[in-house]
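Only heavy atoms go into these numbers, but all of them, side chains included; no hydrogens, no water, no symmetry mates.
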Amino acid sequence: MCCSAAITHAQTNVSIKEVITLLVFKSDRAKFKKEPTELYANKRICVTGKVSLYKDKLQIVVNEPKQVKIN
């Protein structure tokens, strides 16, 4: 699952457009009503979680459906 997000850098208040991968592990998919890609496809969402760097790319691991809100 992948999305594009506008991120505001905390120190400079400059908005930067970045691609952030939202990662849902197979072991957590049963917690969702449907496949996350189906639930959130073409929707504007707000995700809560820790942003980490994996192979020089930003990602957020989503373990629970409550981390994702549809706007």
What's the separation between atom [atom1] in [X] and atom [atom2] in [Y], rounded to the nearest 0.5 Å?
| X | Y | atom1 | atom2 | result |
| --- | --- | --- | --- | --- |
| Leu22 | Gln59 | CG | CD | 9.5 Å |
| Leu58 | Ser52 | CG | OG | 8.0 Å |
| Lys66 | Thr48 | NZ | OG1 | 10.5 Å |
| Asp28 | Gln67 | CG | CD | 8.5 Å |

Inset, instruction - Verify, without hydrogens or angle tests, whether Lys31 (side chain) and Pro65 (backbone) share a donor-acceptor contact under 3.5 angstrom. - result: no
Inset, instruction - Would you confirm whether Glu38, through its side chain, and Glu35, through its main-chain N or O, come within 3.5 Å as a donor-acceptor pair? - result: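 Side chain of Glu38 to backbone of Glu35, a donor-acceptor pair under 3.5 Å: no, none is there.
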Over all atoms of both residues, closest heavy-atom pair of [X] and [Y]:
| X | Y | result |
| --- | --- | --- |
| Leu39 | Lys34 | CD1-O, 3.6 Å |
| Asp56 | Leu53 | C-CD1, 3.7 Å |
| Gly49 | Ile60 | CA-CG2, 3.9 Å |

Legend entry - Transitive ILVMFWY side-chain link Val62 to Tyr54, under 4.5 Å: no
Legend entry - Flag if over 12 foreign heavy atoms under 6.0 Å of CG, Asn42: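 Not buried by this count: 12 neighbours or fewer within 6.0 Å.
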